[in-house]
Structure formats: structure tokens, C-alpha cells
Enquirer: 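Handing you a structure now.
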Amino acid sequence: MENRKVKIEIINLKFSYEDKKDVLKNINLKIYENEIVSIIGENGCGKTTLLLCIGGLLKYEGKVLIDGEEFNEKLRRKIGFLFENPDDSIFMPRVYDDVIFGPKNFGIKGNYDEIVKKSLEKVNLTGFEERIPHHLSYGEKKRVALASILSYEPEIFLLDEPTLALSPIARKNFIELIKKIKGTKVIATHDLDLAYSISERIIVLNDGKIEKEILTFI
Amino acid sequence: MKHHFIDRFSYEKGFLQNLSSSFKFLILILFLFLFLLLPKKILFYLPFIFIILILTFISKIPLKYFLKRILIIFPFLLIIFLLSILSNKNFQNFLYSLLKSILSISYILLFSFTTKMDDFFKIFENKKYGKIIFLIFSFLYRYFFILYDEFERIKRAMISKGKNPNFKEYTILSGNIFVKSYERSERILKAMISKGWKIEK
């Protein structure tokens, strides 16, 4: 693993909310290119907060380096964040607009219709372009949310509870989708089965600190 | 949770559904102005009532459902009725106000039932300042149902714990919804920023 390029490097990361609760306490972590890392731990141990810090969505103390560079707006395109609740991730009137939201903002040039079509194909939602997001089932919303980040082809995927509240079949299909995606993946989850079946390394967070690192030999 | 969406019949294949949204919107506005100017003679109103019935039929909207929705206007009509009594105007005035209101609400309902909300918002998208209106309305439409779901969930939780919500509980519920919607808006903003959206846009 040491031979691989370091994709994300977290150095002395600390984060506290306004109520002064220290959520993350001096986190140091290296995540390698194309590695799949799962973060597990109790509710409130800081899993989501850690993902938000890596995604540059919270202000923190310490450093988060992406490809050796400290987080800046240019790096945002390299990161795709799949939020826990798909209703937070998809906010446009049509599936088409949601999927193309990222590419438009990042100034990606190309045939937008084609980008949307390909992204929806990847998540098995071909023909959903004109559908209204809030008319979809929970599983479909999750896949639209995934398509909305696949559309700008990020290199790093931050997946917050990707299998939460999915039916067994939807969960199985979603795991297959995640496996197919190319890139570095950091998954915050309570789903131990997912963590062991998909990740090369599992990070156990406890009270804002890394308690253990487990290699799964995948 | 399942809702009766405003545009629930817009996916049917009917007469009004096939017309363009901007054309329908223009006709609707014209009709609304026309109703204001209609003289106080019943003969002038009958053709419009007839048109409503025809349009409802050829646009595949169930008449019973349509009539139920028109009833929404009645509490407001009661206020008009009280006002007309207070201002010493006669019953005829009230009757024609009632007819005008029913006609207006019927045409608005016909428009909203048969127009996809997204198509409707797009009428404004390319106009001056329209982008902001488009965004506000599309977000409003998108999140109204999510907030309604949250409202229903909290209400169910209250009922399951033996409390049928009354005025006091509804006040607490509204406060709770406000806080939740604020928190949700923060999460949505994070999702938008993560996809490259910038506040100055």
C-alpha cells in the first residue's frame, strides 16, 4: 500500500462545533489512490464530520491535503460527496437538472444530454431524465444522488451511510454500484457487512479519535 | 409518504396537457382579467362554466376530484359574504363575486393540474429577474412536500404517544418544523457547494 500515491492526507485534524464539543481530536490519516476505506464507530463519534472536513465543507484546525495540496476551491471538482439523506443531495425540479448541476457549476464542457444519459445509465436509471426527484422511491433517490456526483467524474468519493434505509435488494444493488465506481472511496457507515465486504481498510473512530485500523486483505 | 401533488394529472395525455405552458399561462391571465370585467348577468357566465366542464372532461381530470378542490375556496367566500353584508351591498353582489371566484379558481386549478410544475417555472427562467423567481418557486415546490412529510412524521409520533395535537401542540410542531427546515437548508447548501455552486451566483 505504501507504494501507492497518497490521495488524501489528514494532519492533526481537529474540529469543534459551536457548543465547544470536540468532535474530532487530532486525527492523522493517509488514504491512498483508489483505496476503499470505511470509517465505522458509534453514533456521534465524528464519522460524518470527518467526511465533511475532507470535502472542505467545514472549517477545521489542522490540514487536509488532497494530492499534496491543501484544500481549495479548485480541488472541489475532485471530490464527490454522497450525503446520508438523498433529499439533501437532490434539490432541482427534474432528475436531469440534478445530474447536470455539478458539471454546469464546474464548467465542464461537453454534451450535457450525453453526460446525463451516461450518468443515469451507470446507476441503472436510464430514461429517468424527466422524472421529478420527489416522486421517486428512496432507493431511486439514492441512485440519482450518486448519478449527480458521477456526472462530473470526481476522483474521490465520500459516501456517508450509502446503504442506510435501503431494502436488502436495493442495498445489494447499491453496493454493486459502489464497487463499479473507479476512484478513491471513503465510506462512513454502520453497516459492518458493507465495510468488511468492500473496504481494504477499516478505521474505527471513537470519541473523535482513531482507535483502530483494520486491514481486510481485500 | 404519498401526496396528492399539485400537478398530478400533468402526466396524463389530455387536451390541456398537450398545450404549451406559456400559452396556457397567457390564456389563464387573460381569462382572470376577463372575469373581473364580466357584467352582472348570468348569461355571460354560463359559457365559461360550460368550457370548464368540457376542458375537465377532455383533459381526463375526474370531475368529483375537481369539484372537491374548488370547495377549498369556500372559507374565503364566507369572508366576502360577511364583508358584503357589512358594506350594505346587496345579495346580488355576493352572488356575482361568488361566481367570479369560482370561475377563477376553476381555471387556476385546471392550469395547475395539467401543467408540470417544472414547465411552469421555466416560463420565468429566461425572463429578466426570472431566474430568481424560478429558483425560489422550484425550491418551494420541491421542499414543501418534504417539510409536509416531516410535519406528518412528528404529528404521528405525538399521536403514537397518546397526544392528539391541538393548538398548543401545533405551535410546538411549527417551531420544530422551522428548526428542522433551517437545519435541512444548511445541509442542502453543503450539498450544493460540494457540487461547485458558489454563493455569489
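Chain letters run A, B, ... following the sequence lines, proteins first, then strands; residues in each count from 1. Below, all heavy atoms of this structure are taken into account, side chains as well, without hydrogens, waters or symmetry copies.
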Enquirer: Which one wins on heavy-atom pair count under 4.5 Å against chain B: A/Ser148, A/Ser151, A/Gly80?
Expert: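 When all of A/Ser148, A/Ser151, A/Gly80 are compared, A/Ser148 has the most.
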
Enquirer: Checking A/Tyr152 against chain B: side chain, backbone, both or neither under 4.5 Å from a heavy atom?
Expert: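 Contact with chain B is through the side chain of A/Tyr152 alone.
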
Enquirer: Can you confirm if the aromatic rings of B/Phe35 and B/Tyr107 lie within a centre distance of less than 6.0 Å?
Expert: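 Aromatic pair counts; centres sit under 6.0 Å.
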
Enquirer: Please classify the contact between A/Ile79 and chain B as side chain, backbone, both or neither, with a heavy-atom cut-off of under 4.5 Å.
Expert: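 Just its backbone gets close to chain B.
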
Enquirer: As an exercise: rank A/Ile149, A/Leu82, A/Ile132, A/Leu158 by heavy-atom pairs under 4.5 Å with chain B and give me the winner.
Expert: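 The option with the most such pairs is A/Ile132.
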
Enquirer: Would you find more than 12 non-hydrogen atoms of other residues, nucleotides or ligands less than 6.0 Å from A/Lys118 atom NZ?
Expert: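 No, the 6.0 Å shell around NZ holds no more than 12 heavy atoms from other groups.
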
Enquirer: The criterion is salt bridge (charged side-chain N to carboxylate O under 4.0 Å, His left out); which residues satisfy it with A/Lys25, sequence neighbours excluded?
Expert: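 A/Lys25 satisfies salt bridge (charged side-chain N to carboxylate O under 4.0 Å, His left out) with A/Asp207 once adjacent residues are dropped.
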
Enquirer: Both conditions, 6.0 Å and 45 degrees, for the charged tip of A/Arg131 above the ring of A/Phe128: are they met here?
Expert: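 Verdict for A/Phe128: a cation-pi partner in A/Arg131.
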
